[in-house]
Amino acid sequence: MKFRVDRDVLADAVAWVARSLPSRPSLPVLAGMLIDARDGELLLSGFDYETSARVQVPAEVTSEGSALVSGRLLADISRSLPAQPVDLTADGGKVVVTCRSARFTVQTLPVEDYPELPEMPTASGIVKGDVFANAVSQVAVAAGRDDMLPVLTGVRIEIEGSAVTLAATDRYRLAVREFSWTPEKPDLSATALVPARVLADTAKAFASGSDVTIALAVPGSGTGEGLVGFAGISGGTMRRTTTRLLDGEFPKYRTLFPPEQQTVARVETAPLVESLKRVALVAERNTPIRLTLGDGQATLEAGSSDEAQASESIEAAIEGESLTIGFNPQYLLDGLGALEAPVAQFSFTQPTRPAVLTGLAAADAEPNTDYRYLLMPVRLQN
Amino acid sequence: MFVRTEATILHADLDAFYASVEQRDDPRLRGRPVIVGAGVVLAASYEAKAFGVRTAMGGAQARWLCPQAIVVGPRMKAYSEASKAVFEVFRRTTPLVEGLSIDEAFLDVAGLWRIAGSPVDIAKQLRRDVLEQVGLPITVGVARTKFLAKVASGVGKPDGLLVVPPDGELDFLHPLPVERLWGVGRVTSGKLRDRGITTVGDVAKLAEPTLISWLGRAAGRHLHALAHNQDPRPVRVGQRRRSIGAQRALGRSRRTPEELDAIVIALVDRVTRRMRAAGRAGRTVVLRLRFDDFSRATRSHTLTRATGQTEEILAAVRALLATAAPLIERQGLTLIGVAVGNFDDGGAVQLELPFDRRSGGALDSVLDDVRERFGSGAVTRAVLLGRDPGLSVPLLPD
């Protein structure tokens, strides 16, 4: 194996594949990155039995062949190389990397022990890279991080024809985002539960590209069952990743949105976020901020008389009864941040029932219901 | 720090509480040695204490020391009622009552001069009221600090009143044996006595660094301050518990894992019901174990969020018990306890989205209501049917 490749192309590609490599591999070969040089192109692959990643980049291949080397090491090396063409040569049990006068000799791992990467399931449809990345980031913020509850560490994907719904929850808040895409078949109906962390990383990697192909195996089709695949062109290179779906039943969330509301408040998002950050300074760990809505004002308060207290009021357009409700300040900030809208609308029923957050383009606009953030309050004493 | 100049703190301590209640309710027991508790001695009347019988002593040893003693079974409900009645008297005396346990409390009577007279008069009246209204003897220590008041009631027992005047504090304190100081147990007492230190006065003569070098930083400072009569702590009302727990002595017989599971279920039920009644939610679950050789171990787990739900706390306790299983197998278990602490400040609870309408929270509150209305035994788990629920010791309200 012998090839020459552009330094930036190599560094980008290696970095992306290396991200999905396990930091503590269950088998030593899984720490490896597979380098496969073929006719005019280079394939770089990583796999940890959960998630696989593969990049295809153009290269001047003099001699075809493959080698397996430590992915972390190759990432560290290629990131640090000067901006000159890079030559890679397999030589006996070693790979030699040269760039200008820098020369690295890296031990190889046994290629024959490396597991075969799973096949991509057949393509289900196509979505714009930036739309997908934005939708995923809005939803993933609500996903759980507790590995004791694996179902809640996932993002639920529901596909009905050209409509896609993403949902995630950690039991305390629920984020739901709807967007449209171009399905392969107009009557496609499918669901999947994808690990939120992997999905967020993947979507971000495809954000700058034009289109992302999502491939969801149809149950009973044989290939790629229990997997979801994503493919797209990003930075001039072809990238694909697959990940194993999570098992288990995602909570039935659609009925959780209250059908009616007692109080609706509209507040400018940016000033609210600023006040919230200030007032939350005195909210001790695990203590809520109190939000009071009434008389055209939203008042935030936090803290206790034992330590420190803070309060701040901002203008709000309020319809319905006035109310006081408690929230975890970080959960509220997460929601306001994910709205990505200049005006936030809160809908409440009672101080112990969930509140719905939606975004508006302007104070007098209709709420954009593509994205909804359902937040459970903190029960206040007295 | 504000230091009082007058002796206005009362430490009121019921004498041989359980035994006194038994003697009050059964005239045949009056004036005779009484032991409460057939296995371990839970309480002994002063007549029995004269023979060397002590609380927590084994039953066989107690009967050997005092063969004529009358042994009675405990009646926790009666003690709980008596305690409530006594605390009622405390609260009628002054609003500033800091309960330490069901049978003792600090009372601050500063500022009651015009209404009720001098602290000594109030203390006398308090003793009369407890005897007349509840029928129990109580000893009261009166001093300028909590520490001195408690020492005074200890010295004044039984059925006494001891006042430590502000100008006689060191004269009172220094001749006392070191064991009277708070925090001096068997080990510290041994360390001090090995060095010829037998009285509080001996401790007061030592420099603080010397005490620290013998006993460690915390204990050294603590004893130095106490021996010099420094104790600025005020009487606090409504001090909230930092943890809520329950435990069960198991005796020497080996328990199967199923029996142990049933025992922790009962303990968790009891603890979580108390937590919910007090409106508290905790994050840290602690399992306490005592083994055949009296050595102890604790295992704890901190949850991602505070809870008062039986199911969640039981799951954590079971996981802790499972990890401790090899240790229990090897060393034999004689006591098991469950406690929940690390309470959320202010009791604010992050609510969960109602995914599952059959969630534990709803079941818990229904069971709490049923037990509140029809008694603790009205509804129980099938696994606990026919099992001895163990003693439920009366406690101060949470």
Side-chain angles (χ1 to χ4, degrees), chain A residues 142 144-149 151-152 167-176 249-258 282-290 302-307 309 325-332 350-356 373-382, chain B residues 234 236-243 272 275-285 300-309 311-320 322-323 340-362 364-365 368 398:
Chain A
R145 290 175 189 85
D146 184 357
D147 288 328
M148 301 289 284
L149 294 165
V151 169
L152 299 187
T169 178
D170 62 1
R171 289 185 287 174
Y172 312 122
R173 58 254 174 91
L174 165 77
V176 180
E249 201 183 335
F250 193 77
K252 294 193 176 28
Y253 63 88
R254 290 188 188 267
T255 53
L256 295 178
F257 287 95
V282 300
E284 288 175 70
R285 192 179 63 93
N286 292 328
T287 65
I289 58 106
R290 295 177 293 280
S304 66
S305 52
D306 301 345
E307 288 277 341
Q309 285 173 298
I325 190 166
F327 287 117
N328 172 315
Q330 188 55 50
Y331 293 171
L332 187 52
Q350 290 165 32
T352 56
R353 307 294 305 157
V356 186
Y373 187 83
L374 186 70
L375 177 55
M376 222 36 207
V378 173
R379 186 191 287 135
L380 295 171
Q381 276 229 305
N382 308 323
Chain B
R236 284 179 196 278
V237 183
Q239 195 77 313
R240 298 199 90 187
R241 278 172 197 282
R242 283 202 293 254
S243 75
T272 52
M275 288 175 63
R276 290 189 297 268
R280 311 206 71 181
R283 286 184 69 213
T284 303
V285 179
S300 70
H301 176 71
T302 298
L303 303 164
T304 49
R305 55 179 206 104
T307 179
Q309 286 190 15
E311 273 311 306
E312 289 179 68
I313 288 167
L314 180 59
V317 169
R318 277 177 164 157
L320 291 173
T323 58
V340 180
N342 196 357
F343 293 130
D344 244 357
D345 298 323
V349 179
Q350 169 69 54
L351 302 172
E352 285 182 26
L353 288 163
F355 293 149
D356 185 356
R357 304 212 174 268
R358 297 162 297 143
S359 80
D364 285 343
S365 48
D368 289 347
D398 295 310

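In the text below, chain A, chain B and the rest are named by the order of the sequence lines, each starting its count at 1.
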Chemist: Which region of A/P377, side chain (C-beta onward) or backbone (N, CA, C, O), has a non-hydrogen atom less than 4.5 Å from a non-hydrogen atom of chain B, or is it both or neither?
Modeler: both
Chemist: By side-chain hydrogen bond (donor to acceptor under 3.5 Å, both in side chains), which residues pair with A/Q330, not counting sequence neighbours?
Modeler: A/D334
Chemist: Heavy-atom cut-off 4.5 Å, strictly under: side chain, backbone, both or neither for A/T352 against chain B?
Modeler: both
Chemist: Between A/D170 and A/R145, is there a salt bridge with N-O shorter than 4.0 Å?
Modeler: no
Chemist: If we only count heavy atoms from C-beta on, is the B/R276 to B/D364 side-chain gap below 4.5 Å?
Modeler: yes
Chemist: Taking salt bridge (charged side-chain N to carboxylate O under 4.0 Å, His left out) as the test, write out the residues that go with B/E352, two or more places apart.
Modeler: A/R171, B/R305
Chemist: What part of A/Y253 gets closer than 4.5 Å to chain B, counting heavy atoms only: side chain, backbone, both or neither?
Modeler: neither
Chemist: Quick one: what part of A/L375 sits under 4.5 Å from any heavy atom of chain B, side chain, backbone, both or neither?
Modeler: neither
